[in-house]
Amino acid sequence: MTKINNQESNAPLIFSTLLETFPDARCELEFHTPFELLIATILSAQCTDERVNIVTASLFAETNTPEGIIALGQIELENQIRSLGLFHNKAKNIFAACQVLIKDFAGQVPEDVDLLRKLPGVGRKTANVVVSNAFGIPALAVDTHVFRVAHRLGLAHCKTPEKVEEELMLIFPRERWTLVHHLLIFHGRRICHARKPNCKECPLVGICTEVQTCN
DNA sequence: ATCCCGAGGG
DNA sequence: CCCTCTGGAT
């Protein structure tokens, strides 16, 4: 029996529609180096990119190297990132990650997802964001937005981000992975919100498998 | 109240 | 699998 909400065949239409709607879809974290993006991405958990950018602007003006962060000290780092939430864990992880970078990677951010994941505080999603946006290596990071939107559009059906990542990578060609990630995020943030999706302004309302009619 | 580009630990 | 960490925006 055919799965009724299997929309893999609609993937090209979904891609082109979202690209037309969000031609500026991109990484919204501000960075100049892979290390800056790594730190910004770790900081981005549970808060908006906009506020991460405010904090990193002043932090990176002070230092943007692993050695510099170590010199800053964990307590001072905590104080600088406090307003971003989860500040203790983030500071602890960033501090430890800088030590690993210096000790095992000659102070350079590795261009490999598996190596990146050896860094404290770097999971699958963060590693994918760094390799794709800092090094141009195709990757499809599945965060809360990508997960939600992919399910609503019928592009994914699995229960874990890892499995959804696999599903999406099979549906879209490798050279599109990074852009697909950004398009789904923009759609999730601007229109397909977690709580009250704005279906009335959704360009995909005609093919969505989960249209919300109560808003 | 609920959500924000999560990850680690139990 | 679940829980915890966290301030700010809405």
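Quantities reported herein were computed from a predicted structural model and do not represent experimental measurements.
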Between C:dT4 atom P and A:Lys90 atom NZ, what is the distance in whole Å? 18 Å
For A:Arg82 and C:dC5, what is the distance between atoms CZ and C1' respectively, to the nearest whole Å?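 Nearest whole value for this atom pair: 13 Å.
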B/S/- contact track for nucleotides 2-10 of chain B, protein heavy atom under 4.0 Å: SSBBBSS--
Does a side-chain N-to-carboxylate-O contact under 4.0 Å join A:Asp114 and A:Arg124?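 The answer is no: the pair does not qualify as a salt bridge.
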Applied to residues 55-84 of chain A, the salt bridge (charged side-chain N to carboxylate O under 4.0 Å, His left out) test, sequence neighbours excluded, yields none
All salt bridge (Lys or Arg N to Asp or Glu O under 4.0 Å) counterparts of A:Arg190, not counting sequence neighbours: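 Residues passing salt bridge (Lys or Arg N to Asp or Glu O under 4.0 Å) with A:Arg190: A:Glu28.
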In whole Å, what separates the [atom1] atom of [N] from that of [M]?
N	M	atom1	answer
B:dT2	C:dC3	P	16 Å
B:dC5	C:dC5	P	22 Å
C:dT6	B:dG10	P	16 Å

Find the distance between OG1 (A:Thr48) and CZ (A:Arg51) and round it off to the nearest 0.5 Å.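 Those atoms lie 5.0 Å apart.
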Would you give the length of the straight line joining atom OG1 of A:Thr17 to atom CZ of A:Phe15, rounded to the nearest 0.5 angstrom?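 If I round to the nearest 0.5 Å, the distance is 10.5 Å.
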Pair A:His182-A:Phe186, ring pair (Phe, Tyr, Trp, His ring centres under 6.0 Å): steps then yes or no: CA-CA 6 Å; A:His182 288 128; A:Phe186 266 61; 7.4 Å; no
